[in-house]
Amino acid sequence: MKQMTELTRKVLEYLEPDQTKWEYWTSKQKLNPVSKANCMESFKARILKAVDHQEKVIVAGDYDCDGITATTIMVSGLKSLGLDCGFYIPDRIKEGYGLSEATVSLAHKKAYSLIITVDNGVKSKQALALAKELSMDVIVTDHHTMDEEVDCDIVVHPTMMESCFSTLCGAGIAYECMRVLGVDNDYLLQLAGLASISDMMIVKGQTRALIQNALRLMNQTHEKHIFSLATDRELNETSVGFQVVPKLNAIGRLSNLANANNVVRYFLAQDDESIFALSSQITQINTMRKQLSDQMQKKAYSKCNINDDIFVIEDTSFHEGIIGLVAGSLCSRFNKPCIVLAKNEQGYKASMRSPEGFNCMDFLGPYEHFVVFGGHENAAGFSLNLNEFGLFEKFVHQRIHEYTYEAKKKNTLVIDDEELSLETIQSLDTLRPFGPGFVFPSFEIVHPKIKNLYDFQNHKHRKYTLESGLQCMRFNQSDIEYEKSVNAIYSFIGTVQINQYQGRKQVNFVIDEIVYA
């Protein structure tokens, strides 16, 4: 174990009190041996049979970063075996998530005999039944929760593999499938690592090894497909998550303006001209996504009654691919549950986000008129019929008065601002990647010694400069914060980042919350 700075030791001790495990968290992990699970052996045998019989195979993917890269990995690997391999990712708005009966029917008409799903499939009951009826074989590769037995020929799922694979995302599973076939390569490994970051998988086991090795390869090779979407010239899991992933997810979100299948073509492209042309288009769509998101956030904010305990915001101009981002932004800003709805000809599509401690599924559970409903503790999505909005809004405002929850206090690591130097922040790299299961802590600076402050963009943002020279940035400050006295500040809670401008690196503290005395 390398010599650690005091700040690195503090962070590691905070995240892992058991010092016998420190070697694991500070070491670079090698990939685990190829899985010998029965499902993987069955997958291998079925693919080799397809090769022998020259079958047509179609890969059915998903429209987010994980689904797009999983599709690319599977198609690239199978084509390298000489298979005639097509692919299809559904339109998020028109078709929705998962393998559909329409896709199965079309694949059958085009003489595909084998369907392989990636990052979806365990919930596609009707589509799987139709495939069986049409005598088509289906291999489901997925990592989402299986509530019941999946009726298909082969299921490849982390729960059916060795424990080290339990945290794999959809692209991680696709990559393991290529490993068992012996057609994996460094490029496919990088895509699996990219997806593992994007899907916020627990950074243990094979997932940790995938991310570490993928980032090492990215920074060694400056792989064109990935670096064409990045702004930094050296990447870690944070910069990948902020610079590359949103651009890929934007395509699926704005499926009325772009086609996620073209992103698979982008990742499969070999020539520089195609790569740079398509990366430019992807970046352009993401710029539109940001503009649309900003517009929707402003409109949604104007509709908020800050005295309400929960926000229910609907507007005919809202884009259903963006409502989750807007709900998340308002929830974060006000620390209150928020529901944002987009209206279309069929009804309403809605997204809900909630603070830690507030369970969306428990809260919405008693409502009986959802067309579609799903999600987890802090995020839910659902659909309503056109005539249901008034009834639903009434339910929500009644329910919030009877629903009790305890807001979770944010755990923080108290540090002195003088500990935050370029050297000490860079020394934390020995613990990377951070993520679920090993989350970078929120730092708290108690009684910050504020030298001066500066408001910009019409008081929207504020920069506090401390006596140590550390710059603390508060983005999207509330009106209440703007009016409060600086002398009332007890602490800043936030994260640190290294900014680079004109070749010069500087440590910034990004404030997530200001605690007042």
Side-chain angles (χ1 to χ4, degrees), residues 31 58-80 85-90 92 97-98 116-121 141-144 156 158 165 167-179 181 183-201 203 206-207 209-215 217-218 221 223-230 235 237 239-253 255 258-270 275 278-279 282-283 285-286 433 435:
L31 294 182
I58 186 165
V59 177
D62 182 30
Y63 40 68
D64 67 359
C65 179
D66 186 21
I68 288 167
T69 49
T71 303
T72 306
I73 291 167
M74 189 68 72
V75 171
S76 177
L78 296 184
K79 281 191 170 185
S80 72
C85 184
F87 60 91
Y88 184 69
I89 293 175
R92 178 182 184 140
Y97 168 78
I116 303 174
T117 72
V118 290
D119 195 32
N120 77 97
T141 74
D142 199 355
H143 70 117
H144 295 98
V156 181
F165 300 107
T167 63
L168 289 178
C169 64
I173 294 167
Y175 178 70
E176 293 304 320
C177 288
M178 297 307 97
R179 289 182 79 204
L181 289 170
V183 293
D184 55 303
N185 57 47
D186 286 352
Y187 177 51
L188 302 186
L189 169 57
Q190 290 176 70
L191 293 184
L194 167 63
S196 301
I197 294 167
S198 77
D199 233 40
M200 301 291 288
M201 304 310 296
V203 291
Q206 188 76 334
T207 294
L210 280 173
I211 294 173
Q212 286 182 337
N213 285 281
L215 288 169
L217 286 167
M218 285 178 201
T221 65
E223 202 290 312
K224 291 172 186 173
H225 299 83
I226 296 169
F227 272 86
S228 293
L229 301 175
L235 298 174
E237 76 281 4
S239 50
V240 166
F242 279 103
Q243 295 172 21
V244 181
V245 172
K247 292 175 183 172
L248 298 171
N249 284 335
I251 307 300
R253 290 185 184 282
S255 59
N259 186 335
N261 291 281
N262 287 333
V263 189
V264 178
R265 295 184 183 99
Y266 167 69
F267 280 121
L268 291 172
Q270 300 291 320
I275 292 168
L278 286 166
S279 71
I282 292 168
T283 301
I285 291 292
N286 186 54

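We number each residue from 1, following the sequence as shown.
Residues forming a ring-ring contact (aromatic ring centres under 6.0 Å, His included) with Phe227 (at least two apart in sequence, or on another chain): His222. The salt bridge (charged side-chain N to carboxylate O under 4.0 Å, His left out) test applied to Lys224 returns Asp272, not counting sequence neighbours. When the side chain to side chain contact (heavy atoms under 4.5 Å, CB included) test is applied to Ala258, the partners found at least two apart in sequence or on another chain are Ile251, Ile285. Partners of Arg179 according to the salt bridge (charged side-chain N to carboxylate O under 4.0 Å, His left out) rule, which considers only residues two or more places apart in sequence or in another chain, are Glu176. By the salt bridge (charged side-chain N to carboxylate O under 4.0 Å, His left out) test, Glu223 is found to be paired with no residue, residues two or more places apart in sequence or in another chain being considered. Residues satisfying the side chain to side chain donor-acceptor pair (under 3.5 Å) test with Ser279, not counting sequence neighbours, are none. Applying the side chain to side chain contact (heavy atoms under 4.5 Å, CB included) test to Ser255 and every residue at least two apart in sequence or in another chain returns Asp91, Arg92, Ile93. Ser228 pairs by the side chain to side chain donor-acceptor pair (under 3.5 Å) definition with nothing, not counting sequence neighbours. Listed by chain and number, the residues in a side chain to side chain donor-acceptor pair (under 3.5 Å) with Asp199 are His143 (sequence neighbours excluded). By the ring-ring contact (aromatic ring centres under 6.0 Å, His included) test, Tyr266 pairs with His225, sequence neighbours left out. Among residues two or more places apart in sequence or in another chain, the side chain to side chain donor-acceptor pair (under 3.5 Å) test is passed with Asn286 by Arg289. By the side chain to side chain contact (heavy atoms under 4.5 Å, CB included) test, Ala195 pairs with Asp66, Thr69, Cys169, Ala171, Ser198, sequence neighbours left out.
A distance-only check finds no donor-acceptor pair linking the side chain of Ser239 to the backbone of Leu235 [under 3.5 Å]. No donor-acceptor pair closer than 3.5 Å links the side chain of Asp119 to the backbone N or O of Asp62. Looking only at distances, no side-chain donor or acceptor of Asn261 sits under 3.5 Å from a matching main-chain atom of Asn259. A donor-acceptor pair is defined here as one N or O able to donate and one able to accept, closer than 3.5 Å; no such pair exists between the side chain of Thr207 and the backbone of Met201. Under the 3.5 Å distance criterion, the side-chain polar atoms of Ser80 are matched with a main-chain donor or acceptor of Gly77.
Using a 4.5 Å heavy-atom cutoff, the side chains of Ile58 and Ile116 are not in contact. In this structure the side chain of Cys177 reaches within 4.5 angstrom of the side chain of Val156, judged on heavy atoms. Leu78 places a side-chain heavy atom less than 4.5 Å from the side chain of Leu181. Residues Gln190 and Tyr175 form no side-chain contact, since every pair of their non-hydrogen atoms from C-beta on lies 4.5 Å or further apart. A heavy-atom distance below 4.5 Å is not found between the side chains of Asn185 and Leu189. Here the side chains of Met178 and Ile73 are in contact, with some heavy-atom distance below 4.5 Å. Side-chain atoms of Ile89 and Thr71, non-hydrogen and from C-beta on, do get closer than 4.5 Å to each other.
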| Audit row: Gln243, Leu229, side-chain contact (heavy atoms from CB on, under 4.5 Å) steps and yes/no | CA-CA 7 Å; Gln243 295 172 21; Leu229 301 175; over 6 Å; no
| Evaluation steps, side-chain contact (heavy atoms from CB on, under 4.5 Å), between Ile68 and Asp64 | CA-CA 6 Å; Ile68 288 167; Asp64 67 359; over 6 Å; no
| task | Determine, stepwise, if the pair Val240 / Leu215 fulfils side-chain contact (heavy atoms from CB on, under 4.5 Å). | result | CA-CA 9 Å; Val240 166; Leu215 288 169; 4.0 Å; yes
| said: One pair to check against side-chain contact (heavy atoms from CB on, under 4.5 Å): Asp142 and Ile173. What are the steps and the verdict? | reply: CA-CA 7 Å; Asp142 199 355; Ile173 294 167; 5.9 Å; no
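To the nearest 0.5 Å, atoms CG (Leu188) and CZ (Phe267) are separated by 11.5 Å. To the nearest 0.5 Å, the span separating OG1 on Thr72 from OH on Tyr187 amounts to 6.5 Å. Here Ser196 contributes atom OG and Gln206 contributes atom CD; the two are 9.0 Å apart, rounded to the nearest 0.5 Å.
A perpendicular orientation is assigned to the rings of Tyr63 and Tyr97, their planes being inclined by more than 60° (bins at 30° and 60°).
Residue Cys65 comes nearest to Asn249 through the heavy atom pair N-OD1, 2.8 Å, listed as atom of the first residue, atom of the second, then distance. Closest approach of Asn120 to Gly61, counting heavy atoms only: ND2-O, 3.5 Å.
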